[in-house]
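In what follows, every chain begins at residue 1, and chains take the letters A, B, ... in the order their sequences are listed. The analysis underlying the following values was restricted to heavy atoms, covering all of them including side chains, and did not include hydrogens, waters or symmetry mates.
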There are 2 protein chains.
Amino acid sequence: MAETARQIADDLRARISSGELTPGDRLPGEPALVRDYGVAKETARRALTLLVDEGLAVRRRGSGTYVREFRPIPRVANKRLAKDGWGAGKSIWDADLGDREYTVSDLQVYESEAPRQVARLLELSEGEPVIVRSRRYLVEGEPVQQATSYLPAKQVRDSPIAQPDPGEGGIYRRLADLGLEPVRFSEELRARMPSQEETALLAVSAGTPVVEICRTAFTADGRPIEVNQMLLNAGVYVMQYHLES
Amino acid sequence: MAETARQIADDLRARISSGELTPGDRLPGEPALVRDYGVAKETARRALTLLVDEGLAVRRRGSGTYVREFRPIPRVANKRLAKDGWGAGKSIWDADLGDREYTVSDLQVYESEAPRQVARLLELSEGEPVIVRSRRYLVEGEPVQQATSYLPAKQVRDSPIAQPDPGEGGIYRRLADLGLEPVRFSEELRARMPSQEETALLAVSAGTPVVEICRTAFTADGRPIEVNQMLLNAGVYVMQYHLES
DNA sequence: AAGTGGTCTAGACCACACC
DNA sequence: GTGTGGTCTAGACCACTTA
């Protein structure tokens with residue numbers, strides 16, 4: 001009788017990976033497990049919690065617990081290179097935005113002091129002013145990503161970059177207008193579990209990590225011109241990179 | 001009285017982010033929480049579980065629950081480009097392998113049939129033979145990564161690539177010897193929670209995701225020559241990419 | 001209204017760590 | 001041995017979903 005919750009979870013996991021239960025299917029509920037395995041409700045609950053924590057199942061209050069579905073959105077880091085010679089877009093997870101579209105929400109643009117980390121990356125002194133552009137991206141009404149850009153205020157303050165709408169082509173086009181076109185990018189990625197606030201911000205379901213990306217953009221002469229900190233709902237994204245050596 | 005477990009977790013989380021409790025510190029244990037908050041043991045336990053699931057805390061049986069530490073190892077996707085013009089190795093998470101070293105463990109080399117996904121990426125028919133190279137990487141004795149490479153058997157079967165020790169320079173050097181040098185790479189990343197087996201395989205602690213990477217290597221004429229599927233302990237890695245546009 | 005998940009209690013027994 | 005986490009039970013009450 002030892003490890004009953006784990007045993008039940010193992011059973012259910014086996015039924016999922018065998019294909020008996022497919023994504024979207026309803027799992028046996030807590031009362032059903034209590035009946036079938038003769039355990040206490042809390043034990044049945046713990047079994048389901050294990051699957052939820054693994055990201056295999058999703059709970060819907062009042063309705064049931066379901067096998068999770070995964071239909072990822074591709075995030076292509078370097079679109080320009082992604083043309084051909086890289087398997088022409090072949091993917092293991094058949095990632096596809098399809099007809100879904102990005103919507104920008106909660107856009108905020110303001111001037112502020114550079115946080116310590118950002119100041120270091122931008123080669124600024126601590127507390128130097130930066131233009132901050134923060135926004136959330138939605139797909140089909142669901143928040144999937146939060147992004148905050150930092151640019152040195154002294155260089156972009158008087159440009160459209162400091163305005164909510166930077167105009168056609170976005171801030172990179174405007175940087176080019178200023179002779180500060182970014183041509184090299186450095187990205188750092190880290191995956192972790194979200195905090196409480198982040199869970200709400202990105203509507204992340206239990207058992208789903210987030211991916212934190214910090215991207216620094218450099219001009220042709222190697223000077224950092226923008227730092228972009230992103231937070232992605234990992235249940236929704238596949239990141240793609242194309243590299244040349 | 002509502003939401004007691006979450007309340008307690010919030011308190012502890014606040015004490016962590018305020019710096020009162022720093023990485024490595026011992027959190028109040030279950031008995032202490034029972035006493036201080038006047039709750040049942042299971043409730044105190046649930047509070048700590050919330051923090052563990054967020055990756056903020058680690059449990060050590062018989063000892064206590066501790067604030068987690070994060071000292072990441074950098075995984076630089078394109079070392080050759082990483083020289084300069086990219087902030088000279090500046091990093092937000094001060095990732096550093098330091099004097100720690102990689103060890104290879106559980107190396108297995110064998111011929112087998114290509115799994116469906118791999119066959120598609122390698123442009124092989126389903127079931128065509130591939131050379132499989134599977135290994136685990138350890139750092140300071142701890143497993144941090146699992147990697148499995150697939151190469152078309154018809155092209156590499158008679159080379160050192162099919163041997164456990166492919167010799168100086170590794171399999172990429174040997175591919176070059178065969179006129180099949182990989183010059184372009186495509187990587188797909190996904191973060192998720194590990195399965196039971198993966199948790200054991202990589203010694204992942206609770207509340208830590210894994211990162212699944214699928215890398216396809218292409219020769220100069222754009223033909224796929226290797227697929228490498230990796231699984232990283234996300235609590236230990238920071239991924240770095242350098243891109244040119 | 002019935003069914004499902006969400007939270008909590010008060011007790012039990014076990015396994016492991018540390019002194 | 002004492003303290004810590006690990007698992008489980010049997011009951012309670014609540015909130016939400018679905019029909």
Has [X] got more than 12 heavy atoms of other residues, nucleotides or ligands less than 6.0 Å from its [atom1]?
{"X": "Q196(B)", "atom1": "CD", "result": "yes"}
{"X": "E113(B)", "atom1": "CD", "result": "no"}
{"X": "E20(B)", "atom1": "CD", "result": "yes"}

Which whole-number value in Å describes the distance from [X] [atom1] to [N] [atom2]?
{"X": "R46(B)", "N": "dT7(D)", "atom1": "CZ", "atom2": "C1'", "result": "13 Å"}
{"X": "R45(B)", "N": "dA15(C)", "atom1": "CZ", "atom2": "C1'", "result": "12 Å"}
{"X": "I8(B)", "N": "dT9(C)", "atom1": "CD1", "atom2": "C1'", "result": "13 Å"}
{"X": "Y37(A)", "N": "dA10(D)", "atom1": "OH", "atom2": "P", "result": "18 Å"}
{"X": "L33(B)", "N": "dC8(C)", "atom1": "CG", "atom2": "P", "result": "13 Å"}
{"X": "R26(A)", "N": "dG5(C)", "atom1": "CZ", "atom2": "C1'", "result": "10 Å"}
{"X": "L48(B)", "N": "dT4(D)", "atom1": "CG", "atom2": "P", "result": "12 Å"}

Looking at the side chain of [X], which of [options] is the nearest nucleotide?
{"X": "A40(A)", "options": "dT9(D), dC8(C), dT4(D)", "result": "dT9(D)"}
{"X": "T65(A)", "options": "dG5(D), dC8(D), dG5(C)", "result": "dG5(C)"}
{"X": "A5(A)", "options": "dC8(D), dG5(C), dG5(D)", "result": "dC8(D)"}
{"X": "T4(A)", "options": "dT9(D), dC8(D), dT7(C)", "result": "dC8(D)"}

Using side chain to side chain contact (heavy atoms under 4.5 Å, CB included) as the criterion, point out the one residue from V144(B), N233(B), V236(B) that pairs with V139(B).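 Of all the options given, the one that passes is V144(B).
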On the nucleotide [N], are OP1 or OP2 found under 4.0 Å from the side-chain N or O atoms that [X] carries?
{"X": "R59(B)", "N": "dG6(D)", "value": "yes"}
{"X": "T43(A)", "N": "dT9(D)", "value": "yes"}
{"X": "R6(B)", "N": "dG6(C)", "value": "no"}

Most 5' of G38(B) and E30(A) on DNA chain C, judged by nearest nucleotide: E30(A)
Looking just at side-chain N and O atoms, do R68(B) and S205(B) make a donor-acceptor pair shorter than 3.5 Å? yes
D11(A) side chain to Y37(A) side chain, donor-acceptor N/O pair below 3.5 angstrom: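 Yes, because at least one side-chain N or O of D11(A) sits under 3.5 Å from a partner of the opposite role on Y37(A).
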Under 3.5 Å, which protein N or O atoms sit close to an N or O of nucleotides 11-18 of chain D? Give each pair with its distance.
from: dA15(D); atom 1: O3'; to: R61(A); atom 2: NH1; distance (Å): 3.4

On a heavy-atom basis, the closest approach of A9(B) and L51(B) is O-CD2, 3.8 Å
